[in-house]
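As structure tokens, the structure follows; a few thoughts come after it.
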Amino acid sequence: MQNVPYTLSHGSLIRESVTRAAPYDTRPPSPPTVDIPATRAVGRNSVLIAPSPRNLDPALFDLNSDYASVITHGLRPQEALDHASDWEYAARRSAQKIIDPSLYLGPLSVVRDREFMKGEGVTMVVVVRDRIMGLGLGGGHQQHQQHQQQRTDGQGVPAVPTLGPAAKKVTEELGIQVEAVGVGGLQGLIREFPKLNETIVRHLVAVHKRSLGAQQGKVLVCCETGNDRSAAVVVAYLVEVWGVGLLEALRFVLCRRFCVAWDDDTRRYLKNYEDILMAKRARWQDQKANDRDAAAAADESRMNKLKRQLASVGFDDDSDDEDEEMWGNYKGASSSSEETIHQARGRNFAPFLDLPPRGAEHRNNEGENRPS
């Protein structure tokens with residue numbers, strides 16, 4: 001039998017020349033989980049949120065910046081106590097105030113409670129239901145709005161096929177605006193977040209303008225149970241309009257209404273929505289920085305023009321050195337900050353490390369032990 005020389009395969013060469021830098025799995029990667037830390041686990045009995053002016057874009061809904069205070073109630077913080085120990089099962093059938101005093105969350109059955117709706121002064125109801133169960137329409141948000149505009153009674157109040165006769169009667173008698181949305185899954189729900197948030201914001205501003213600040217708009221967001229779709233809409237509202245982080249928004253709503261339940265997919269979709277908003281905010285902030293730089297460049301151009309005019313009439317400005325020193329310090333600070341950013345972004349993790357060639361360590365040891 002002819003002897004065939006043994007040759008190392010490509011895979012064996014790789015295994016012998018490199019080693020993994022950290023443990024890893026060969027299974028397909030799983031989606032990241034969004035865990036909600038318990039309030040008591042972090043040593044607190046409440047969750048405090050506050051509108052973030054940095055994350056609040058006044059032009060987000062094409063509104064005047066003066067109305068940002070109306071939407072966020074003067075940038076007033078909101079605190080939610082942890083009701084895990086004293087929550088009663090019957091409370092799931094009522095609506096809870098999420099943002100005092102403008103935003104409520106509860107089940108669809110609350111709309112039939114005339115005393116509650118009148119006593120709380122609700123001015124708008126946002127209904128989020130499964131398209132199959134509630135609407136019977138296939139065109140989504142825009143087509144349903146057109147359908148509502150076409151179906152009106154003698155007083156011009158839209159007929160809403162999702163509320164039922166009792167709830168419809170209450171909203172019509174109290175003059176409550178209704179925004180009904182049918183969604184076909186989580187992908188359809190996340191597409192409705194911007195529209196619903198804009199609808200809520202514009203309603204609050206409209207009530208404020210119509211009453212000259214004398215009346216506060218109040219919005220009830222509901223679904224069949226008040227625990228899943230509508231709760232996701234409220235979290236998206238806090239994240240987008242108030243600029244609250246997702247985990248804080250989830251914990252805050254959970255403290256206000258302890259029976260809410262978001263499955264893993266819903267929390268991942270909310271996390272994706274937060275990432276989209278963060279990208280939009282970064283772009284908006286970059287645009288603001290560019291506008292400031294353009295304004296600074298224009299000011300510098302006007303200053304240089306003024307200096308040339310003064311120099312032409314024999315006026316010598318001795319502050320040029322000081323200006324150059326200040327400008328040099330500014331550029332130095334900018335460059336140092338940029339270097340810091342590049343260093344932070346340059347933290348690379350190498351999954352594999354090179355190994356010395358086979359026999360190299362043995363030869364090194366022989367060289368060290370060889371007598372001189």
Side-chain angles (χ1 to χ4, degrees), residues 29-37 47 49-65 67-69 71-72 75 78 98-99 103 126 128 140-142 181 183-202 204-205 221 229-253 262-296 334 337-349:
S30 57
T33 59
V34 181
D35 297 325
I36 308 175
V47 177
I49 64 172
S52 174
R54 175 178 173 82
N55 294 332
L56 182 60
D57 182 4
L60 188 63
F61 303 117
D62 193 23
L63 294 173
N64 190 295
S65 59
Y67 293 114
S69 178
I71 301 168
T72 58
L75 300 177
Q78 299 273 333
I98 306 300
I99 296 296
L103 191 64
V126 176
V128 186
H141 180 86
Q142 183 176 3
V181 176
V183 296
L186 290 176
Q187 292 184 355
L189 180 61
I190 194 174
R191 285 195 295 266
E192 297 293 337
F193 285 160
K195 303 174 186 176
L196 292 175
N197 291 337
E198 182 177 1
T199 299
I200 295 174
V201 167
R202 289 189 177 279
L204 296 178
V205 173
V221 184
R229 293 183 182 87
S230 56
V233 171
V234 171
V235 170
Y237 179 84
L238 294 179
V239 172
E240 181 172 8
V241 179
W242 276 55
V244 181
L246 176 61
L247 291 181
E248 291 300 310
L250 291 170
R251 293 175 57 225
F252 185 83
V253 176
W262 305 285
D263 56 17
D264 292 339
D265 291 336
T266 302
R267 282 179 283 178
R268 280 196 289 268
Y269 271 88
L270 286 170
K271 178 59 179 175
N272 294 337
Y273 190 64
E274 182 190 34
D275 294 340
I276 295 172
L277 292 177
M278 291 176 63
K280 289 182 178 180
R281 288 166 184 162
R283 181 180 178 184
W284 169 61
Q285 292 167 4
D286 290 342
Q287 182 63 39
K288 288 182 62 178
N290 293 336
D291 294 341
R292 288 194 298 267
D293 293 341
S334 301
S337 61
E338 291 177 359
E339 291 176 0
T340 304
I341 294 175
H342 288 306
Q343 290 175 1
R345 291 180 178 176
R347 296 171 183 169
N348 296 325
F349 171 73

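Remember, predicted model here, so these are calculated numbers, not experimental data. Hydrogens, waters and symmetry mates are skipped; everything else that's a heavy atom, side chains included, is used.
Note: Arg229 CZ to Leu186 CG = 8.0 Å, rounded to the nearest 0.5 Å. Rounding to the nearest 0.5 Å gives a distance of 10.5 Å between CG of Asn272 and CD of Gln187. Of the inter-residue distances, the one linking Ile36 atom CD1 with Leu250 atom CG reads 4.5 Å to the nearest 0.5 angstrom. Here the CG-CD1 distance, from Leu270 to Ile190, works out to 7.5 Å after rounding to the nearest 0.5 Å.
When all heavy atoms are compared, the tightest approach of Ala236 to Asn197 is O-ND2, 3.6 Å. Pairing each heavy atom of Glu240 with each of Phe193, the nearest pair is OE1-O, 4.3 Å. Minimum heavy-atom separation, Gly243 to Ser52: O-CB, 3.8 Å. Counting all heavy atoms, side chain and backbone alike, Lys271 lies closest to Val34 at CB-CG2, 4.0 Å.
For Asp265, the side chain to side chain donor-acceptor pair (under 3.5 Å) partners are Arg268, not counting sequence neighbours. By the side chain to side chain donor-acceptor pair (under 3.5 Å) test, Asp275 is found to be paired with no residue, residues two or more places apart in sequence or in another chain being considered. A search for side chain to side chain contact (heavy atoms under 4.5 Å, CB included) contacts involving Ala249 returns Val235, Leu238, Val239, Val244, not counting sequence neighbours. Under the side chain to side chain contact (heavy atoms under 4.5 Å, CB included) criterion, Asp35 pairs with Thr33, not counting sequence neighbours. Residues satisfying the ring pair (Phe, Tyr, Trp, His ring centres under 6.0 Å) test with Tyr269, not counting sequence neighbours, are none. For Arg191, there are no salt bridge (Lys or Arg N to Asp or Glu O under 4.0 Å) partners two or more places apart in sequence or in a different chain.
Remark: of the listed residues Thr199, Val126, Leu189, Leu196, Leu196 is the sole one forming a side-chain contact (heavy atoms from CB on, under 4.5 Å) with Val181.
Using a cutoff of 4.0 Å between basic side-chain nitrogens and carboxylate oxygens, Arg251 and Glu248 are scored as salt-bridged.
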